[in-house]
Amino acid sequence: MVIKTIDAVAIQRCFLAGANALDAKKEMINDLNVFPVPDGDTGTNMTMTIMSAAREAAAIEQPDMKQLCKAISGGSLRGARGNSGVILSQLLRGFTKEIVQVEEVDVAVMAAAFERAVESAYKAVMKPKEGTILTVARAGSEKAMEQAERTDNLLELMNTVILHMRDVLDQTPEMLPVLKQAGVVDSGGEGLLTIMEGAYDAILGKEIRYEIEPDKTRVAVGDLEQRADAVAEADIKYGYCTEFIIMVEKEFSHEEEKKFKSYLESIGDSIVCVADEEIVKIHVHTNDPGLAIQKALTYGSLTSMKIDNMREEHNERVIRAADRREAARQDEEEREAERRGAVLEPIRYETADRTAETGTTSMVADPTKNVGSSSENKAEKKKNAFISVSVGEGLSQIFTDLGTDVIIEGGQTMNPSTQDILQAIDRINAENIFVLPNNSNIILAAEQAAELTEDKNIIVVPTKNIPQGIAALLGYVEDVPPEENREAMAEAIKAVRSGQVTYAVRDTALDGKQIKAGDIMGLSDKTIETVGTDIVDTTIDLIRKLIDDDSELVTIYYGEEGTEEDAQKIAVAIEEYDTELEVDIQYGGQPIYYYFVSVE
């Protein structure tokens, strides 16, 4: 079979087929995670990223290249989750920037699009590593450029490229020793190849599912009580929180952006206008949403429209706040009763998000949902504000007590997307906003959100875990320039050694350690430090490896599956091991990880 060109309709089918192929294999890709921890999420992150774009692409009934490229690029950019998702979004963005210029794609355009995709992805990563998705993508690009000079058959080019990428993927364990130790290939590279193989099957005309499932997990920040529990109705100057995206159909220059912002300021406040090529995201509080919408329509069509009556929602928030306080009180009583040996019947609390059962376990917000503070309702602009990613009731409360304005619930098991972070930024009326990802897999998404924000100074502090995030906030200094504060917070991070305790989800051998599924693992920032069968003993061993002669304070954050009683046992053992150390115990409430540990 010879196919020399494909049009927008064929590209759409290939893209949807690739997205569904990835969705079908995401758990297998998750299992390729190097560390056998229960939050291996490369497949999940890549799937959620591409599905964000696939839903937009599938909604176009008769696509032309411009419409399709806009949907793929914009959808993947906003939906990007985790490092693998951000890299995938950049690959798609670069690819579409090349093909948007033509009506039909031939081998020359395809090869050029592969090359541009790789250039875009490499630019997004500060220190690219060989043996990753980037290596596999670059290998495909180089082979495509080579084949474009030998054939005019797209099928032949695609087949050759995919076979070469598979060969390179199989070599990734030789490029990254950690992959070889774990006995796996790079998970991101596997995900990328899965997409391409699905797209190739579509070109071949195989029987494939092209329908895209609706998003059942997407919940906007504004839908989850972001606004104040205690803001009186009289304090709400503008009653409607209005959000939408403009699909720009004419030039939206910097001057036009300034004019539009000026107009929005004349009818409301809390204005955010984020322009990204042919997409403009708008947020405004106003008493007449129709005026904002009518003006926006002069620039293009609208999508993702959302209008909330903030005055009406205020009373509901007050009621929910009272329910949460009562739930917290009951939860504390139950934990106290448990400590005294009493037995209580589990109590079920109905919340706006889900039903949570409490008894001996505290109620924790769904990690796919975002919660936040009241800063969006404050008319006066703040100088500095903070966004923290957190997971667990206790940890979120700690971040709030340390001055965090908006908390995005997520982290280990559900990395927030670029759009989630943008929405959190939208909610804050501040000149400078510090973003603490608190997870190494969220830093790229935070940086991407910062690049898309033009009207506020976004400072991403590259915190890789929860203890680093807490240390960074403690390192913040009032009344100094934001860049100096970024440096001060970065210095505070360096003073903390962090650890986590969880269980293994599969058998593996890593760093000279034989690990079996179900074993308890103590992880540092760099590797698996200790493996055992007892949670308390493994945690003690981990802390002993983290402390040194300069250590002064150990903080233990116990999670959903950890207990305060066991945390006390750990503290006693550490204090006996080093009598100079002070040990503090805090309730974290995090899932999956029995304990987070920080050593300062």
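Start at 1 with the first residue, then count along the sequence.
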(message) A side-chain contact here means heavy atoms from C-beta on lying under 4.5 Å apart; do Phe399 and Ile466 qualify?
(response) yes
(message) side chain to side chain donor-acceptor pair (under 3.5 Å) for Ser396 and Ser390? Distances and angles first, verdict last.
(response) CA-CA 6 Å; Ser396 295; Ser390 177; 3.1 Å; yes
(message) Can you list everything that forms a salt bridge (Lys or Arg N to Asp or Glu O under 4.0 Å) with Glu431? Sequence neighbours excluded, please.
(response) Lys383
(request) State, with a plain yes or no, whether a side-chain heavy atom of Glu483 is found less than 4.5 Å away from one of Ile459. (result) yes
(message) Can a donor-acceptor pair be found, under 3.5 Å and without considering hydrogens, that links the side chain of Thr508 to the backbone of Ile515?
(response) no
(message) With a 4.5 Å cut-off on side-chain heavy atoms, are Leu436 and Leu473 touching?
(response) yes
(message) Please enumerate all residues that pass ring pair (Phe, Tyr, Trp, His ring centres under 6.0 Å) together with Phe386, with sequence neighbours excluded.
(response) Phe434, Tyr476
(message) Closer than 3.5 angstrom, by distance alone: can the side chain of Asn415 be matched with the main-chain N or O of Arg81 as a donor-acceptor pair?
(response) no
(message) Are Leu22 and Ile29 packed together at the side-chain level, in the sense that at least one heavy-atom pair is separated by less than 4.5 angstrom?
(response) yes
(message) Ile520 vs Val501, test: side-chain contact (heavy atoms from CB on, under 4.5 Å). Steps then yes/no.
(response) CA-CA 7 Å; Ile520 308 301; Val501 180; 3.7 Å; yes
(message) Between Val391 and Pro591, is there a side-chain heavy-atom distance shorter than 4.5 Å?
(response) yes
Side chains of residues 569-582: which donor-acceptor partners sit under 3.5 Å, not counting sequence neighbours?
{"from": "Asp578", "atom 1": "OD1", "to": "Glu580", "atom 2": "N", "distance (Å)": "3.0"}

(message) Given 3.5 Å as the limit, does a donor-acceptor pair link the side chain of Arg497 with the main chain of Val599, or not?
(response) no
(request) Without swapping roles, check the side chain of Arg486 against the backbone of Pro482 for a donor-acceptor pair under 3.5 Å. (result) no
(message) Are Phe596 and Leu395 packed together at the side-chain level, in the sense that at least one heavy-atom pair is separated by less than 4.5 angstrom?
(response) yes
(request) Ignoring hydrogens and angles, tell me if any N or O in the side chain of Asn30 forms a donor-acceptor pair with the backbone of Gly43 under 3.5 Å. (result) yes
(request) Return the set of residues passing salt bridge (Lys or Arg N to Asp or Glu O under 4.0 Å) with Glu565 (not counting sequence neighbours), or none when no residue passes. (result) none
(message) Checking the side chain of Glu491 only, and the main-chain atoms of Glu487 only, is there a donor and an acceptor separated by less than 3.5 Å?
(response) no
(message) Test of understanding: with side-chain hydrogen bond (donor to acceptor under 3.5 Å, both in side chains), list the residues that count as partners of Glu529, not counting sequence neighbours.
(response) Ser524
(message) Looking at Thr502 and Ile592, would you say the former's side chain and the latter's main chain have a donor-acceptor pair under 3.5 Å?
(response) yes
(request) Decide side chain to side chain donor-acceptor pair (under 3.5 Å) for Thr132 and Asp186; before the verdict, give the C-alpha distance in whole Å, the side-chain angles of both, and the deciding distance to 0.1 Å. (result) CA-CA 6 Å; Thr132 66; Asp186 178 67; 5.5 Å; no
(message) Is a donor from one side chain sitting under 3.5 angstrom from an acceptor on the other, for Thr404 and Ser388?
(response) yes
(request) Identify the heavy atoms of Pro437 and Val460 that sit nearest to each other, and give their distance. (result) CG-CG1, 4.0 Å
(message) For a quick test of reading the model, state the closest non-hydrogen atom pair linking Leu422 to Ala449 and the distance between them.
(response) CD2-O, 3.5 Å
(message) Donor-acceptor check, side chain of Ser551 to backbone of Asp548, threshold 3.5 angstrom: yes or no?
(response) yes
(message) In the structure I gave you, are the side-chain heavy atoms of Gln500 and Val597 within less than 4.5 Å of one another anywhere?
(response) no
(request) Just do the side-chain contact (heavy atoms from CB on, under 4.5 Å) check on Ile458 and Val435 with the steps written out, would you? (result) CA-CA 7 Å; Ile458 308 301; Val435 180; 3.8 Å; yes
(request) Would you check if Arg78 and Thr418 make a side-chain contact, meaning some heavy-atom pair closer than 4.5 Å? (result) no
(request) Could you tell me which non-hydrogen atom of Gln448 sits nearest to which non-hydrogen atom of Ala80, and how far apart they are? (result) NE2-CB, 3.6 Å
(request) Look at the side chain of Asp23 and the backbone N and O of Lys26, then say whether any donor-acceptor pair between them is shorter than 3.5 Å. (result) no
(request) Check for a donor-acceptor pair, side chain of Asn441 on one end and backbone N or O of Asn83 on the other, with a separation under 3.5 Å. (result) yes
(request) Determine the minimum heavy-atom distance between Gly392 and Glu409, stating which atoms define it. (result) N-OE1, 3.7 Å
(request) May I ask you to check whether Thr463 and Asn438 show a side-chain donor-acceptor distance below 3.5 Å? (result) yes
(message) Show me the pairs that pass side-chain hydrogen bond (donor to acceptor under 3.5 Å, both in side chains) and involve residues 530-539, at least two apart or across chains.
(response) none
